[in-house]
Structures are given as C-alpha cells and as structure tokens.
Amino acid sequence: MAKPMVVAIDGPGGAGKGTIARAVAERLGFHLLDSGAIYRLLALASLKQAIAADDQAALVALAVNLDIAFPTQGALAGEVLLDGEVVSAAIRTEACGQRASELAAHNQVRQALLERQRGFRQPPGLVADGRDMGTVVFADAPVKIFLTASVEERALRRHKQLMQQGVSASLHDLLQDMQARDKRDTQRAVAPLKPAEEAVTIDTTTMAIDTVIEKVMALARAGA
Ligand code: DC
C-alpha cells in the first residue's frame, strides 16, 4: 500500500513554517507535525530534570521515554502536553528554543526521536515542518518546500509576536539569538538545516502570509 502523502516544510526559525504548515494542513484535511515542538518538549523536560545539554546518554533515555501529546480534539485541542501537563507557552520561550537547538545537534538524540516523528504519517496525509523533514525524516516526501526569510525580518516577526503576547524583548537580543541558532542548526554534523535537493525554496521576506499559503497549496496539489 502506498504510504500517506507528506508535504515537508523546512527552514530556519521565524520563517513562518508553523503558521503556513497549520493553514495548509487545515485546507488539505491532513495531520500536522510540528517537529520543533518535539525538540522543545525534550528541552523543557531536560531543564526540569536538570540534565546537562551535553549529557547524551541521559538525553537519549529522556527522549525514549518522553511522555508527550498533541491533542487534536476535546478541550485541550491545539495544546501541547508534557507528562499530562499543558506546556504550550513554556516551550515557546527563547531559552527553550536555544536548548532545543543544542540538544538537536546530538545524533543519538535525533535517532531516538525519529520513529516518533514518522508515526505522524497517517492517512489521508501529513504536513510536517522542521529542519530535516525533507532531507531525513520524510526523505521520500513528494512535496518538499524550503521556507526562508532574511534574519532581520525573522527577528522582527518574532519581536512583533512577543509584543502581541505582552512579552517585552529586545530586538537586538532576538536578532543575536536567531543568528546563533541559525549557525548551530546549519553547521551541525548531523541532519543540518539545508534545502533538500528537490525542494522548492520560497523566500517570504516580502511576501504576505496568504500569498505563501497559496503558493504552498499549489505545490501540494501538483505533487499529490
Ligand atoms: O522550529 P523550532 O524553532 O521550534 O525548533 C527548535 C529547535 O529544534 C531548532 O532550533 C532546531 C531543532 N529542530 C531540529 O533540529 N530539527 C527539526 N526537525 C525541528 C527542530
């Protein structure tokens, strides 16, 4: 039997992957995998248990037993749970993002999370966003997109998002954090952030969200 269709969307932080992936999954009636959330959940769990970012053995054990859930129905629909507790906001902090990026550089940690991510590939199909969806996790995906934007624009978007949430942050610090994370994610030895060979790159720096959604929808329909 043919495997369910996958639309793989990769790119750096703040390029709009999450928003676009959610909108496209909704329109197609597909499942959604926010793979970054899994790395962020592992990061949060490691911070809670005071496991060091370089303690690979402890991190792998933690990854294998990680109790996480992404309910799609009921009162908790759309929330992210760790050990049965809602942590949707807690995993979105800059500290958690940086820690996630550090843990994600360990090969064994990535291996431990591989099958968990592949388990999201269920009929009628999946929209998956992350750094290595098209290159590693769903290397056979028929539709691969690399979503990017200038680092200045991505920092601005993140700043705006935080302001809307009532969180004050310095644009300068955000820009520096983003540059550090870009560097770590693109330069790591294992599954580095890069476009898959067949990926279509979309630079969203000056594009409206709706235009990006339409473009991705057209690619998804063409690849289905
Ligand atoms: O997409 P995000 O900002 O939520 O991801 C947080 C970190 O997790 C990112 O800096 C690197 C890591 N990550 C990864 O290595 N591979 C993925 N597929 C998704 C995220």
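The model shown is predicted, which means the values in this text are computed figures rather than measured ones. Read the numbers this way: they start at 1 and go in the same order the structure lists the ligands and their atoms. Residue numbers start at 1 and run along the sequence shown.
The closest approach between a heavy atom of Arg184 and any atom of ligand 1 is not below 4.0 Å. The shortest heavy-atom distance from Gln98 to ligand 1 is not under 4.0 Å.
For atom 19 (C) of ligand 1, the nearest protein heavy atom (residue, atom name, distance) is Ser35 OG, 3.4 Å. Closest to atom 16 (N) of ligand 1, if we only count protein heavy atoms, is Arg110 NH2, 3.0 Å. Looking only at protein heavy atoms, the nearest one to atom 8 (O) of ligand 1 is Tyr39 CB, 3.5 Å. Protein heavy atom at the shortest distance from atom 12 (C) of ligand 1 is Ala104 CB, 3.7 Å.
Atoms of ligand 1 found under 4.0 Å from any heavy atom of Asp185, numbered from 1 in the order shown, are 9 (C), 10 (O), 11 (C). Shown in contact with Met133 at under 4.0 Å from a heavy atom are these atoms of ligand 1, numbered in order with element: 18 (N). Under a 4.0 Å criterion applied to the non-hydrogen atoms of Arg40, ligand 1 contributes the atoms 2 (P), 3 (O), 4 (O), 6 (C). Short contacts between ligand 1 and Gly130, defined as distances under 4.0 Å to a heavy atom of the residue, involve ligand atoms 18 (N), 19 (C).
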(message) One pair to check against side-chain contact (heavy atoms from CB on, under 4.5 Å): Asp173 and Glu94. What are the steps and the verdict?
(response) CA-CA 10 Å; Asp173 289 352; Glu94 281 306 298; over 6 Å; no
(message) Could you walk me through whether Asp83 and Lys48 satisfy the salt bridge (Lys or Arg N to Asp or Glu O under 4.0 Å) test, starting with their C-alpha distance in whole Å, then the side-chain angles of each, then the deciding distance to 0.1 Å, before giving a yes or no?
(response) CA-CA 12 Å; Asp83 296 323; Lys48 282 188 172 177; over 6 Å; no
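Nearest heavy-atom pair across Met133 and Ser35 is CE-OG, 3.3 Å. Between Leu59 and Ala52 the shortest heavy-atom distance is CD1-O, 3.9 Å.
Compare Arg99, Glu102, Arg131 by their heavy atoms: the one nearest to atom 5 (O) of ligand 1 is in Arg131.
Between the side chains of Arg184 and Ser101, at least one donor-acceptor pair of N or O atoms lies under 3.5 Å. Checked by atom type, the side-chain pair Thr19/Arg157 shows no donor-acceptor distance below 3.5 Å.
Here the CD1-CD1 distance, from Ile9 to Ile145, works out to 5.0 Å after rounding to the nearest 0.5 Å.
Salt bridge status for Asp140 with Arg121: present, with a side-chain N to carboxylate O gap under 4.0 Å.
Of the polar atoms of Gln117, none of the N or O atoms is found under 3.5 Å from an N or O of ligand 1, judged by distance alone.
With a 4.0 Å heavy-atom cut-off, ligand 1 is reached by the side chain of Arg181 but not by its N, CA, C or O. Of all the heavy atoms of Arg188, the ones lying under 4.0 Å from any atom of ligand 1 belong exclusively to the side chain.
A donor-acceptor pair under 3.5 Å is formed between the side chain of Arg110 and the backbone N or O of Ala104.
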